[in-house]
Amino acid sequence: MVLDIQSIREQFPILDRKVFGKPLIYLDNTATTQTPRPVVDAITDMYFNHKANVHRGVHTLSQEATALLEETREAVAQFIGADRKEDIIFTRGTTESINLVAASYGQLLEEGDEIILSAMEHHSNIVPWQLIAVRKGLKINVIPMNDRCELDMDAYRKLFTPKTKIVAVTHVSNVLGTINPVKEIIAEAHRHGAVALIDGAQAIAHMPVNVREIDADFYVFSSHKMYGPTGVGVLYGKEAILEKMPPYQGGGEMIKKVSFQKTVFAGLPFKFEAGTPDFVGIAAFAKAIAFIKEAGIEAIGAHEEALLNYVTPKLLEIPGLKIYGNAPHKSAVISFLIGESHPYDTGMLLDKLGIAVRTGHHCAQPLMDILGITGTVRASFAIYNTVGECDALVAATRRVASMLG
């Protein structure tokens, strides 16, 4: 399937604006993607026609809002191949989803138990585990990388002990673009009686994900990285494991019965959805999923890979430019530095030329320490990016490199 990129771009009005008099070239998609008209229209429709609190009313508006939220839950379950929509828990984002698992499943762990993370994790998949490790007296072990910025799978297998209880690894590195062999990682965890959480924030909008096929115990991601609203996240979990976990937060919606003596909690998924959810954003999220499905996730991935393969050798022709992350199996993410120039300077100058990139440590300071740098410039691609924009990135980066010496 060949994508009609111009038709797709027309659904994103922000791509028509200018920055410093230059046409906007948006290459910060790893941080957040832009939002197409159908998603924004759905938000407007919810506020103007269906706004009422969900799951709590018998009146028409509440019933409509509830139906729209639950339709999104079903859409998410189908999109990732989950067995049941009840295994889909809505959160505020990937970060909260990981915090939920760390705080809740972490209560089932005992002093001396061990957690395995990887060298390329986002802070969101490090700090929550450190917090529970301190509280419970747990040990964290880290999978190292090889010279190609791939996880060292032999070293990974050697990290397991009888005390290993959970493995938490990113599907795709937000810095390196490395696509990790999550099915193999999960299988190895299961061989040792551990459960596995996969941070899918950088994978979900770029490649097919089937949680049953990879046998994930937990899979987490965010709406705003897949053309949807901000403030909406997903935690998928296996029913048997979620049933064992205590609630993450207390309040309304997550209860069956409350007295001052005892509370009986609601069943899945509501046990983990305390309080009023962002039902407006969740309802609109269904339109983002529909947008991805209409384009075709395989077609999106192929388009982005083509852009990556086109622009990478051209960038490498620029004197002094070095790319970090050269795994043969990687997503359309390019992190680079130009000589000794600070990434912030490069990013600011590119912005003056209308090109939006991300600079800094990308919430991956441990990875930066391993690489021996403080940060990078990161360009990341999405469905609406073009070959022409790749050429503009190369030309602008070449110009910036000459300015910075």
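Note that the structure is predicted; figures quoted are calculated from it, not measured. We number each residue from 1, following the sequence as shown.
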Intermediate values then yes/no, side-chain contact (heavy atoms from CB on, under 4.5 Å), Glu188 and Arg157: CA-CA 7 Å; Glu188 188 66 24; Arg157 296 181 186 95; 3.8 Å; yes
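- The closest side-chain heavy-atom distance from His122 to Ile126 is not below 4.5 Å.
- Closest approach of Ala205 to Ile292, counting heavy atoms only: CB-CD1, 4.4 Å.
- The shortest distance between side-chain heavy atoms of Asp278 and Phe90 does not fall below 4.5 Å.
- Of the inter-residue distances, the one linking Ile8 atom CD1 with Phe291 atom CZ reads 5.5 Å to the nearest 0.5 angstrom.
- No donor-acceptor distance shorter than 3.5 angstrom exists from the side chain of Glu114 to the backbone of Thr161, with no hydrogens or angles considered.
- A distance-only check finds no donor-acceptor pair linking the side chain of Lys183 to the backbone of Asp215 [under 3.5 Å].
- Note: Phe218 CZ to Asp87 CG = 11.0 Å, rounded to the nearest 0.5 Å.
- Heavy-atom neighbours of Asp147 CG from other residues, nucleotides or ligands within 6.0 Å: at or below the threshold of 12.
- The two residues Met368 and Gly360 come nearest to each other via the heavy atoms CE-O, 4.2 Å.
- A donor and an acceptor atom, one from each side chain of Asp217 and His190, are located under 3.5 Å apart.
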Evaluation steps, salt bridge (Lys or Arg N to Asp or Glu O under 4.0 Å), between Glu239 and Arg84: CA-CA 9 Å; Glu239 177 186 8; Arg84 316 177 320 139; 3.6 Å; yes
Step-by-step side-chain hydrogen bond (donor to acceptor under 3.5 Å, both in side chains) determination, His362 to Thr376: CA-CA 8 Å; His362 314 300; Thr376 69; 2.7 Å; yes
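- Look at Glu111 and Lys163 and you find no salt bridge, because none of the NZ, NE, NH1 or NH2 atoms lies under 4.0 Å from a carboxylate O.
- Looking at Leu316 and Lys322, their side chains never come closer than 4.5 Å, going by heavy atoms from C-beta outward.
- The 12-atom threshold is exceeded at NZ of Lys225, counting heavy atoms of other residues, nucleotides or ligands nearer than 6.0 Å.
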From CA spacing to verdict: salt bridge (Lys or Arg N to Asp or Glu O under 4.0 Å), Lys136, Glu110: CA-CA 7 Å; Lys136 299 283 288 187; Glu110 300 178 353; over 6 Å; no
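- Of the possible polar contacts, one joining the Thr32 side chain to the His224 backbone as a donor-acceptor pair under 3.5 Å is found.
- Looking only at atom types and distance, the side chain of Ser118 has a donor-acceptor partner in the side chain of Glu121 under 3.5 Å away.
- Residues Ile143 and Met120 are not in side-chain contact: their nearest non-hydrogen atoms beyond the backbone lie 4.5 Å or more apart.
- Taking the centre of each ring, Phe270 and His55 come in below the 6.0 Å mark.
- For the pair Ile89 and Val234, the minimum side-chain heavy-atom distance is 4.5 Å or more.
- Distance CH2/Trp129 to CG/Leu109: 8.0 Å, rounded to 0.5 Å.
- Residues Val169 and Asp199 have side chains not in contact (no heavy-atom distance under 4.5 Å, counting atoms from C-beta outward).
- Rounded to the nearest 0.5 Å, atoms CG (Leu197) and CG (Leu235) are 7.5 Å apart.
- Comment: Asp45 does not engage Lys51 in a salt bridge, judged by the lack of any side-chain N to carboxylate O separation of less than 4.0 angstrom.
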Verdict with reasoning, Tyr227 to Ile289, per side-chain contact (heavy atoms from CB on, under 4.5 Å): CA-CA 8 Å; Tyr227 312 103; Ile289 294 173; over 6 Å; no
Check against salt bridge (Lys or Arg N to Asp or Glu O under 4.0 Å), Glu150 and Lys330: CA-CA 10 Å; Glu150 300 168 305; Lys330 67 174 286 187; over 6 Å; no
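- The backbone N or O of Arg92 sits less than 3.5 Å from a side-chain atom of Glu96, completing a donor-acceptor pair.
- Between the side chains of Asn99 and Tyr248, no donor-acceptor pair of N or O atoms lies under 3.5 Å.
- Taking 4.5 Å as the limit, every side-chain heavy atom of Glu10 sits out of range of all side-chain heavy atoms of Asp16.
- Counting heavy atoms of neighbouring residues, nucleotides and ligands inside a 6.0 Å radius, atom CZ of Arg37 does not exceed 12 of them.
- In terms of modelled atom types and a separation under 3.5 Å, the side chain of Thr178 and the main chain of Ser173 share no donor-acceptor contact.
- Within the 3.5 Å criterion, the main-chain N or O of Val377 finds no donor-acceptor partner in the side chain of Thr359.
- Atoms CG and NE2, on Asn385 and His303 in that order, are 6.5 Å from each other to the nearest 0.5 Å.
- No side-chain donor-acceptor contact under 3.5 Å links His329 to the backbone of Ala327.
- With hydrogens and angles left out, the side-chain atoms of Glu304 and Ser331 include no donor and acceptor closer than 3.5 Å.
- Side chains of Gln202 and His206: a donor-acceptor N/O pair is absent below 3.5 angstrom, by distance only.
- Summarising the geometry, atom CD belonging to Glu71 is positioned 5.5 Å from atom CG belonging to Leu68; distances are rounded to the nearest 0.5 Å.
- For the 3.5 Å distance criterion, the side chains of Ser341 and Thr346 fail to qualify, holding no donor opposite an acceptor.
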Chi angles and distances behind the side-chain contact (heavy atoms from CB on, under 4.5 Å) call for Val167, Ile185: CA-CA 8 Å; Val167 175; Ile185 289 170; 4.0 Å; yes
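- Side-chain atoms of Thr386 come within 3.5 Å of backbone N or O of Glu389 as a donor-acceptor pair.
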Leu176/Leu367 under side-chain contact (heavy atoms from CB on, under 4.5 Å): CA gap, chis, key distance, verdict: CA-CA 10 Å; Leu176 307 167; Leu367 174 59; 4.0 Å; yes
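- Of all the heavy atoms in Gly281 and Val232, the pair that sits closest is C-CG2, 3.7 Å.
- Residues Phe79 and Glu74 fail the side-chain proximity criterion, which asks for heavy atoms closer than 4.5 Å.
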Criterion salt bridge (Lys or Arg N to Asp or Glu O under 4.0 Å) on Arg212 and Asp83, from CA distance to verdict: CA-CA 8 Å; Arg212 284 178 296 178; Asp83 288 319; 3.4 Å; yes
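- Nearest approach of Pro144 to Ala119, heavy atoms of both residues: CA-CB, 4.4 Å.
- Between the side chain of Tyr105 and the backbone N or O of Leu100, no donor-acceptor pair lies under 3.5 Å.
- Using modelled atom types, no side-chain atom of Arg378 and backbone atom of Arg358 make a donor-acceptor pair closer than 3.5 Å.
- Residues Asn174 and Thr30 have side chains that never bring a donor and an acceptor to within less than 3.5 angstrom of each other.
- Surrounding NZ of Lys352 are more than 12 heavy atoms belonging to other residues, nucleotides or ligands, all under 6.0 Å away.
- A cation-pi contact, defined as under 6.0 Å to the ring centre and within 45° of the axis, links Lys314 to Tyr310.
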